[in-house]
Amino acid sequence: MRADRLMALVLLLQQRRQVTAAEVARELEVSERTARRDLDALSTAGVPVYSLPGRGGGWRLVGGARTDLSGLTAGEARALFLVAGPASAATPAVKAALRKLVRALPEPFRDQAEAAATASVVDPRGWGSSGAEHRPPRFLDDLLDAVVRGVQVRLGYVDRTGAETGRTVHPLGVVAKGPSWYLVAQTDAGRRTFRADRVSSVDPTDDPVDRPEDFDLAASWREIADEVDRRRTPLEARALCTPDGVGILRIGFSGRLEVGGRTPDGRVEVVVRGRDEHMLAGELAGLVEWVEVTGPPGVRAHLAAIGGALVERYR
């Protein structure tokens, strides 16, 4: 209890230029004698606090209340509040914790930290997309808590068909992908990913999570995301691209593009992925100035048909 009181006392000294023993006693609900003992204890422990005797005197921190309990540098404090502003995807619990942390920052840091929290807006919607607001999933805090505490949970889950099931899972991490949140967990059937907005209940158990020693959430998510992309775009088309067209392909296809080596005529071998032959041909048709598709034959046939239709329409 005294440790908590001493911590509160330092925060009080940081917030005010000067305090008296009587003010400390009222604020911490202790006697003035206890307040003086606590102030002396801070000085003995090495906290740079000193007293000013006489009328108008009191206790101050050396340097105008610049002691930093958080251990953060000015840049670290700004960065922390910059990524957890009102428009960020941080959970309400995270934002509440940061509001409390700002009181522990030294005075010169505090204004910049509070300004950083309102310095940027993150809008996950693309131009022309729905204006619907994306709220954090109902059980996101419960899932995060289970990951941090390392306990298994009995998970209620609604699949894409609307059927609700229950299972016990080992939560390994939580990932935000655009406006959506996902739980990565170990199950009896292996490692699985669950959409957090489809979670219908979270019941923590007392059983510890069986977490692989070499588990890396970022690496695991990259594997999951790559696999999802491959499933969504299973068709591969091979092509030759002029060097100045590779940048255009990167913009248009992003992670669906693989760039290979140069050919004797100076062009670059590329592979692009798509959902099916017709759609991929449609995406490539406008790039004829830079790209020559060499296979598969179905994509080339669709490109020829698109070219013929364009000539017929606009000749």
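What you see is a predicted model, and the numbers here were worked out from it, not measured in a lab.
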Enquirer: Would you tell me whether Arg167 and Thr165 have side-chain atoms, one donor and one acceptor, within less than 3.5 Å of each other?
Expert: yes
Enquirer: Do Val184 and Leu143 share a hydrophobic cluster, counting only Ile, Leu, Val, Met, Phe, Trp and Tyr and linking them when any side-chain heavy atoms are less than 4.5 Å apart?
Expert: no
Enquirer: Locate the shortest heavy-atom distance separating Ala35 from Val30; write the atom from each residue and the value.
Expert: N-CG2, 4.2 Å
Enquirer: If you round to the nearest 0.5 Å, how far is CD of Glu277 from NE2 of His302?
Expert: 5.0 Å
Enquirer: State the OG1-CD distance between Thr168 and Gln152, to the nearest 0.5 angstrom.
Expert: 6.5 Å
Enquirer: Taking the side chain as every heavy atom from C-beta outward, state whether Val199 and Leu155 have any atom pair closer than 4.5 Å.
Expert: yes
Enquirer: Apply side-chain contact (heavy atoms from CB on, under 4.5 Å) to residues Trp181 and Arg195 and explain how you reach the verdict.
Expert: CA-CA 6 Å; Trp181 289 85; Arg195 278 187 52 156; over 6 Å; no
Enquirer: Quick one: does any side-chain atom of Glu23 pair with a main-chain N or O of Thr20 as donor and acceptor, under 3.5 Å?
Expert: yes
Enquirer: Please find the pair of heavy atoms, one from Tyr157 and one from Ser200, that lie closest to each other, and give the distance.
Expert: N-OG, 3.5 Å
Enquirer: What is the distance from atom OG1 of Thr233 to atom CG of Asp276, rounded to the nearest 0.5 Å?
Expert: 11.0 Å
Enquirer: Does Val148 sit in a hydrophobic cluster with other residues, and if so which ones, taking ILVMFWY side chains as linked at heavy-atom separations under 4.5 Å, directly or through other members?
Expert: none
Enquirer: I'd like to know if Val288 and Tyr314 are part of one continuous hydrophobic network [Ile/Leu/Val/Met/Phe/Trp/Tyr, side-chain heavy atoms within less than 4.5 Å].
Expert: no
Enquirer: State the CZ-CZ distance between Arg238 and Arg300, to the nearest 0.5 angstrom.
Expert: 10.0 Å
Enquirer: Are Arg273 and Pro234 close enough that some pair of their side-chain heavy atoms sits under 4.5 Å apart?
Expert: no
Enquirer: With a 4.5 Å heavy-atom cut-off, do Pro212 and Arg191 have their side chains touching?
Expert: yes
Enquirer: Determine whether Leu172 and Leu217 satisfy the following criterion, side-chain contact (heavy atoms from CB on, under 4.5 Å), listing intermediate values before the conclusion.
Expert: CA-CA 7 Å; Leu172 300 175; Leu217 180 60; 5.6 Å; no
Enquirer: How close do Val291 and Ala239 get, heavy atom to heavy atom, and via which atoms?
Expert: CG1-CB, 3.6 Å
Enquirer: Do you know which two heavy atoms are closest between Val169 and Pro171, and how far apart they sit?
Expert: O-CD, 3.3 Å
Enquirer: Please verify the inter-ring angle class for Tyr182 with Trp221; under 30° counts as parallel, over 60° as perpendicular, anything in between as tilted.
Expert: tilted
Enquirer: Would the distance check show the side chain of His170 and the main-chain N or O of Ala185 forming a donor-acceptor pair, the cut-off being under 3.5 Å?
Expert: no
Enquirer: Compare every heavy atom of Leu303 with every heavy atom of Leu284, then report the nearest pair and how far apart it is.
Expert: C-CD2, 4.2 Å
Enquirer: Side-chain contact, heavy-atom cut-off 4.5 Å: Ile248 with Trp290?
Expert: yes
Enquirer: With a 4.5 Å heavy-atom cut-off, do Leu280 and Val272 have their side chains touching?
Expert: yes
Enquirer: So that I can tick it off, tell me whether Glu29 and Arg26 are bridged by a salt bridge, with the cut-off set at under 4.0 angstrom between side-chain N and carboxylate O.
Expert: no
Enquirer: Taking side chain as C-beta onward, heavy atoms only, is Leu249 less than 4.5 Å from Leu287?
Expert: yes
Enquirer: When you compare the side chain of Val268 with that of Leu240, does any pair of heavy atoms fall below 4.5 Å?
Expert: no
Enquirer: Tell me whether Asp188 at atom CG has more than 12 heavy atoms from other residues, nucleotides or ligands lying less than 6.0 Å away.
Expert: no
Enquirer: Can you tell whether the side chains of Arg262 and Glu269 come within less than 4.0 Å, N to carboxylate O?
Expert: no
Enquirer: Is it true that Val174 and Val209 fall in one hydrophobic cluster, defined by side-chain heavy atoms closer than 4.5 Å?
Expert: no
Enquirer: Under a single-linkage definition using a 4.5 Å side-chain heavy-atom cutoff for Ile, Leu, Val, Met, Phe, Trp and Tyr, are Val259 and Val293 assigned to the same hydrophobic cluster?
Expert: yes
Enquirer: What are the two closest non-hydrogen atoms of Arg192 and Thr187, and how far apart are they?
Expert: CG-OG1, 3.7 Å
Enquirer: Charged N to carboxylate O under 4.0 angstrom, Glu164 versus Arg198?
Expert: no
Enquirer: Within a radius of less than 6.0 Å around CZ of Arg211, do more than 12 heavy atoms belonging to other residues, nucleotides or ligands occur?
Expert: yes
Enquirer: Look up atom CG in Asp229 and atom CZ in Arg256, then write down how far apart they are to the nearest 0.5 Å.
Expert: 9.0 Å
Enquirer: For Arg230, does the CZ atom have more than 12 heavy-atom neighbours from other residues, nucleotides or ligands under 6.0 Å away?
Expert: yes
Enquirer: Would Arg149 and Asp145 pass as an ion pair if we require N to O under 4.0 Å?
Expert: yes
Enquirer: Are the side chains of Leu183 and Thr193 in touch, meaning some heavy atoms are under 4.5 Å apart?
Expert: no
Enquirer: When hydrophobic residues are tied together by side-chain contacts of less than 4.5 Å, even through go-betweens, does Val299 share a cluster with Val270?
Expert: yes
Enquirer: Which distance, rounded to the nearest 0.5 Å, do you find between the SG of Cys241 and the CZ of Arg250?
Expert: 9.5 Å
